[in-house]
Each structure stands twice: as C-alpha cells, then as structure tokens.
Amino acid sequence: LLGYLKEEKKDFIVLVGSLTNSNKIIKKLKAEKDILIVPQEYFIEYLDYLKVAFLTFFNKPKLKNKILFRDIDLTELVNRCLDKDYENGEVYNNFLYYYYMKGLLKKVEVRNFIYVFENRAWERISILAIKKYSPLTKITGYVHSSVRQSYLGYFQSNIEKDIVPSPDKILTVGGVAVSMLSRLGNFSDKIELKEGCALRCEYFFKNNAKRIKGCNVVVAFSIDIGCAIRLCKFLNDAFPVTYKHRIVLRPHPFTPLEGLIKTHGLELNNNFEISKYAMLEQDLKDVNVLIYTDSTAGMEALMLGIPVI
C-alpha cells in the first residue's frame, strides 16, 4: 500500500503506536528516510494525560442492575472484567486514542483515514474523535486477517450497530469474510462492506523458490498468551537439544517471547532461534514444516506448498 501511494505521489503519514519496546521502535523510525512515520504520542499534550487519568479513575461505570444471559447472572463476571481492564491500564490506554486523534487533526488535514480493523475499543474511540473534529474525513477499516466466529470483536449486537462509532467502509481479505460479516456482524446499513485483497500476500505469486531438503521448523504463535506458554512447553518436549535441524520461533508482535520468558519464568531449549524478520515471507524461505496456532501463517504456508501442523 505504501509503495502504491508513493508511486501515485499521494501525501500520506504513517501513524504508529508501539506494542512493546518503545525505545527500540523509536530508533527504527528515526532511521527511516523514505516514508514519513510519526509516533502517535507526538500529537498529544502533557495536559491530555492528566485528563485521561481523570476520565479513567473518576468515571468508572457502576453496574446498578443485574446482567442476565439466558437467566444466568453474569454481573459479577462483568464487574471482574471491568476491574481487570482498569487495573492493567487497558481503559487508560484506550482513552488516550481520543487525544491522539484530536491532536493529529489539529495539525494535519486528513482526507482519508485507513486503519487495521478489529473492532476494538481504541478504534471506536479514535473514530469518535475523527467524526467530531474532522467530520468530512473518510474512514476505512481494513480487515488484515481471517474472520472467524471465535473472535467476538467482529460481531456486534443489534443494539450496538447504530450506536458505536464505525468506519464508512470495511475492506476484507476476501469474499468469505464479507459474507460472514454481512450475515453475523450486525453492522449498520450505512457501512459499506467490500471484498478487498491480502496486501501482505502478494509474494505468493512471485515466489518460485524450491523447497529445501531437511526438517527445519518454523513455529508461528498467536496473540493468546496462555496458548503461547503451552506451546513453548510442548516445543521443549518435542524438540530436545539433540534435534539437529533449525527450530525458528516466530512470536506474535503483541506477545514477544522475551516478555513471556521474563514474566512467566519460561525456559526454552538452547537450540531454538527467535525470528529476526518482520515479514513471515522471510522465515518461510528455508523451512520444511510450519507449526502454528490460530494464525494466518498456516494459510500462507499452505499456499507455498509447505506442510503445516
């Protein structure tokens, strides 16, 4: 997408936030010369952090009525989930996005806003700010991955569909995703659901590399922390230090293995490597089998003729 925008000589800014290791990411951004990449924190003022703290800690919702689902009382469960989101900073971080967008729109005229669509709270808060401070901006959400019913964020209730802040258009990676979102997503009729393409998978049609002989393994992790921990323990048993071929671990960006090892006291066999590549394409060049959990990496490997587990 960025290459296309450059070819068409469009003016654009890449607005980024760091999931982990902010200092390392900032250094990488400084080294980039060809594309204007700006950290979202650039657009927020110091006073905004205090405003968000006030919103977070003095406006916590209180559930006055019971929440019932099929005659089962879920009030305590919902209260615990709310407490967890407040305690781990999730609510505070989500509120910050309102002020990131407000600051951006004060300094930049934004005609089109394109973002990765997962229907999370920070997305809705961002859209709320955009529609208030720049109502003419066209907002497009891009579903960058597969759509599955186990990810509840994609699916709204009838009550929500005309209330929650939503993009003007949602592009998916294929027709199956459009069909599923149309049938089960409960999106407003005002939102255009349109079949798009998998931008990061163009290399499928250019890759003529021959598969190498051997038993090199790439392991693609999902975002699920519990699943990542269980997978690490399984790998230690399945591939002891006597295993002679490469074992490359490719963690999800949101759950880096270094953090899991430190936080949960995990130990990994010393014959494991952690991927140094940003794109999966690089890891799949010299691999014989892919092990994955809840990741589109499995589909990419199959498209290249690599067996998956």
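From a predicted model like this one, the values you see are computed outputs, not experimental measurements.
Remark: Arg124 engages Glu160 in a salt bridge, criterion side-chain N to carboxylate O under 4.0 Å. Under the 4.0 Å criterion applied to side-chain N and carboxylate O atoms, Lys138 and Asp168 are not assigned as salt-bridge partners. Between Lys102 and Asp48 there is no salt bridge, since no side-chain N of the basic residue sits under 4.0 Å from a carboxylate O of the acidic one. Ion pair Glu281/Lys285 not flagged as a salt bridge, since none of the NZ, NE, NH1 or NH2 atoms sits closer than 4.0 Å to an Asp/Glu carboxylate oxygen. Taking the charged nitrogens against the carboxylate oxygens, Lys10 and Glu8 have no contact shorter than 4.0 Å, which rules out a salt bridge.
For residues 264-279, the salt bridge (charged side-chain N to carboxylate O under 4.0 Å, His left out) pairs, not counting sequence neighbours, are Arg246-Glu273.
Gln156 contributes a side-chain N or O that, together with a main-chain N or O of Asn186, makes up a donor-acceptor pair within less than 3.5 Å. Without hydrogens or angle criteria, Thr293 side chain to Phe221 main chain gives no donor-acceptor distance under 3.5 Å. The backbone N or O of Glu90 lies less than 3.5 Å from no partner atom in the side chain of Asp85, so there is not a single donor-acceptor pair. Checking side-chain atoms of Asn216 against main-chain N and O of Val287 turns up no donor-acceptor pair under 3.5 Å. The closest donor-acceptor contact from the side chain of Ser134 to the backbone of Leu136 lies at 3.5 Å or more, if one exists at all. Distance alone, capped at 3.5 Å, is enough to place a donor-acceptor pair between the Lys131 side chain and the Ser166 backbone. Side-chain N or O atoms of Tyr292 include none that pairs as donor or acceptor with a backbone N or O of Ala301 at under 3.5 Å.
The shortest distance between side-chain heavy atoms of Ile130 and Ile139 falls below 4.5 Å. In this structure, Asn112 and Thr137 have side chains that are not in contact, with every pair of non-hydrogen atoms separated by 4.5 Å or more. Side-chain contact check for Leu96 versus Trp122: every heavy-atom pair is 4.5 Å or farther apart.
No side-chain donor-acceptor contact under 3.5 Å links Asp224 and Ser222.
Within a 6.0 Å radius of NZ in Lys107, more than 12 heavy atoms belonging to other residues, nucleotides or ligands are found. Annotation: Glu45, atom CD; neighbour count of heavy atoms from other residues, nucleotides and ligands within 6.0 Å does not exceed 12. Heavy-atom neighbours of Arg80 CZ from other residues, nucleotides or ligands within 6.0 Å: at or below the threshold of 12. Enclosure of atom CG in Asp11 is not indicated, since only 12 or fewer non-hydrogen atoms of other residues, nucleotides or ligands lie within 6.0 angstrom. Counting non-hydrogen atoms of other residues, nucleotides and ligands closer than 6.0 Å to CD1 of Ile225 gives a total of 12 or fewer.
The aromatic rings of Tyr100 and Tyr97 stand perpendicular to each other, their planes meeting at an angle above 60°, with 30° marking the opposite boundary.
Between the CZ atom in Arg120 and the CD1 atom in Ile125 there is a gap of 13.0 Å [rounded to 0.5 Å].
Considering every non-hydrogen atom in both Pro240 and Asn269, the closest pair reads CA-ND2, 3.7 Å.
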ring-ring contact (aromatic ring centres under 6.0 Å, His included) assessment of Tyr154 paired with Tyr151: CA-CA 6 Å; Tyr154 286 125; Tyr151 183 64; 4.9 Å; yes

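With sequence neighbours excluded, no residue satisfies side-chain hydrogen bond (donor to acceptor under 3.5 Å, both in side chains) with Ser182.
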